[in-house]
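What follows is a short report on a single structure.
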There are 2 protein chains.
Amino acid sequence: MARKPRQQRAKATVNAIIEASFIAMAEHGPAATTTRQIADIAGVGVGSLYEYFDNKEQIFQVMGERFVADTIALIHPLIPTLVRKPMKDAVRELLQHFRDFLQEDDERYLKCARHAMTLGFEEHMEPLQKALSELVTQYLMHHPETLKIRNIPTMSYIMINGGIFAVVRHLSDPAPPISFDELVEGLATMVGHYTEQEMALAEASASDGQQGG
Amino acid sequence: MARKPRQQRAKATVNAIIEASFIAMAEHGPAATTTRQIADIAGVGVGSLYEYFDNKEQIFQVMGERFVADTIALIHPLIPTLVRKPMKDAVRELLQHFRDFLQEDDERYLKCARHAMTLGFEEHMEPLQKALSELVTQYLMHHPETLKIRNIPTMSYIMINGGIFAVVRHLSDPAPPISFDELVEGLATMVGHYTEQEMALAEASASDGQQGG
DNA sequence: TGCTTGTTCGGATTCAATTCGGAAAATCAT
DNA sequence: ATGATTTTCCGAATTGAATCCGAACAAGCA
């Protein structure tokens, strides 16, 4: 940001600009959104945009950051509940909360997420990834038996990234070949099967180890 | 395209423009790539760009199409070999070919893929998805026992999308928490475990069915 | 109230995308 | 080969969006 808003009035302006950007983005898409449009919707002069943002790009950046921050704010309070549930249920519940979240405020975030990739959303994803990693860590701690699973970092990486993108891609797809519920169920099953299989293998190799050693 | 190139000379121009676009893109990124740069690198006048492309956006589109087409050209001939291998080996081999492909031509496509999302490449992904679906279908036909797996469409969707994005994201990540080989191994294990678990369940429910019916 | 600092604004400026009309090259018809 | 015709190429001119800037307006404060 070029300058920090000191007065209340200025903070309201900044907020109006971001809100307006979400609206313009949802309506016209990222390429066709102009500074004029944003200023008009926000009810401010074009010049005001540049008081608090270096350029249009940065407005999009801040939108992305806000989206990720709100997503994290959604996930964080769910952690204590989720870690006590069976894994499949936890995955299901997390994703259903996420969908509800996207549909708040007249689907504001859903429309945003449709363009997320064009906006360079991935660049802000690190904090989200961290939040989900924490969820995984805490989950594992509450289910000591799952600690036998091998390659936990790799699998977290795949599930988190693969999961996020499968969901975002599905949301972006105007004619998805499967329903959202099927996707959720599929992801839950996938995670579930993986862990079960790993536990079974751990079991087997444990008894191998006893016999062999 | 605004006009079709008839003469050989014109085809060379179109090609030079696309090549130049890849180079400029790799160097400056999508936002900072200008028509002037592309024209200069291609060794043509700016006006020439608009003889064969409606606008800059369309140049990027064609780049995306070419990238996807080349990826499919990579995959297609591998299918007959892959379908005869164990699933884990097939996944591993496919991904390793893909990495090699990205690193051809001075990592031209790798640099391109880094910006793939910003460029809106997902919009061209349907043919790639189709090619991978075909690979899955053929694989299943060569391994009749795998047909017992439930929700094949859903699982294909998740694995294809999740897999592609996990790989592209990993390649885009300047400091990935896991190595590419670990990622490949993880994806292969994931697919392997899922199928094994499903086969085991199919087995179990088959004997249930015999006992129960 | 008068002074200082923060805020808003929209016309002026800058810069990249796109257009256009004519020149050069290739192709064709005779 | 020569001139007509089509295709290709170009870069100065145009257009329009992004950005800058300095004057006008509001808030905070003594």
Side-chain angles (χ1 to χ4, degrees), chain A residues 1-65 115 118-120 123, chain B residues 1-65 115 118-120 123:
Chain A
M1 281 195 194
R3 194 158 61 79
K4 273 254 181 171
R6 314 255 167 164
Q7 301 175 1
Q8 201 53 44
R9 183 168 63 128
K11 285 178 190 165
T13 298
V14 170
N15 210 58
I17 290 169
I18 299 177
E19 294 275 324
S21 302
F22 274 109
I23 294 169
M25 181 70 56
E27 179 143 8
H28 304 99
T33 298
T34 68
T35 51
R36 193 72 62 100
Q37 284 167 12
I38 294 173
D40 286 351
I41 295 172
V44 303
V46 262
S48 299
L49 303 186
Y50 294 89
E51 292 294 328
Y52 305 104
F53 301 93
D54 288 331
N55 50 44
K56 198 171 72 163
E57 193 60 26
Q58 211 196 3
I59 297 177
F60 294 163
Q61 296 262 333
V62 172
M63 288 171 65
E65 281 163 22
H115 302 297
T118 319
L119 285 173
E123 302 186 5
Chain B
M1 281 196 194
R3 194 159 60 77
K4 272 256 179 168
R6 315 253 166 165
Q7 302 173 3
Q8 201 52 44
R9 182 169 62 130
K11 284 178 191 166
T13 299
V14 170
N15 209 58
I17 290 170
I18 299 177
E19 295 275 325
S21 301
F22 273 108
I23 293 169
M25 180 72 55
E27 179 141 10
H28 303 99
T33 298
T34 68
T35 52
R36 191 72 62 97
Q37 284 167 12
I38 295 174
D40 286 351
I41 295 171
V44 303
V46 262
S48 298
L49 304 186
Y50 293 89
E51 292 293 328
Y52 306 104
F53 301 93
D54 288 330
N55 49 45
K56 199 172 72 165
E57 192 61 24
Q58 211 196 1
I59 298 178
F60 293 163
Q61 296 262 332
V62 172
M63 287 170 66
E65 282 163 23
H115 301 296
T118 318
L119 286 172
E123 302 186 4

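What you see is a predicted model; the values in this text were computed from it and never measured. Naming convention: chains lettered A, B, ... in sequence-line order (proteins, then strands); numbering from 1 in each chain.
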I'd like to check the ring pair (Phe, Tyr, Trp, His ring centres under 6.0 Å) partners of F22(B); sequence neighbours left out, ordered by chain and number.
Y109(B)
Note: for Q7(A) and S48(A) on DNA chain D, the residue whose nearest nucleotide lies more 5' is S48(A)
Taking all atoms of both residues into account, what is the closest heavy-atom pair of A42(A) and A16(A), and its distance?
CB-O, 3.6 Å
Nucleotide range of DNA chain D contacted by chain B, 5' to 3', under 4.0 Å to a heavy atom?
dT7(D) to dG11(D)
Taking every heavy atom of A24(B) against every heavy atom of Q37(B), the minimum-distance pair comes out as CB-OE1, 4.4 Å
For the residue pair A20(B) and I38(B), what are the closest heavy atoms and their distance?
CB-O, 3.5 Å
Whichever of R9(B) and K11(A) has the more 5' nearest nucleotide on DNA chain C, that residue is K11(A)
If every non-hydrogen atom of I18(B) is compared with every non-hydrogen atom of M63(B), which pair is closest and at what distance?
CG2-CG, 4.4 Å
Can you check whether F53(A) reaches Q61(A) side chain to side chain, under 4.5 Å on heavy atoms?
no
Heavy atoms under 4.0 Å is the rule here; annotate nucleotides 16-22 of chain C 5' to 3' with B where the base is hit, S where only the sugar-phosphate is, and - elsewhere.
SSBB---
Give the minimum heavy-atom separation between S48(B) and I17(B), together with the two atoms involved.
O-CD1, 4.2 Å
Heavy-atom pair of closest approach, residues Y50(B) and A2(B)
O-CB, 3.9 Å
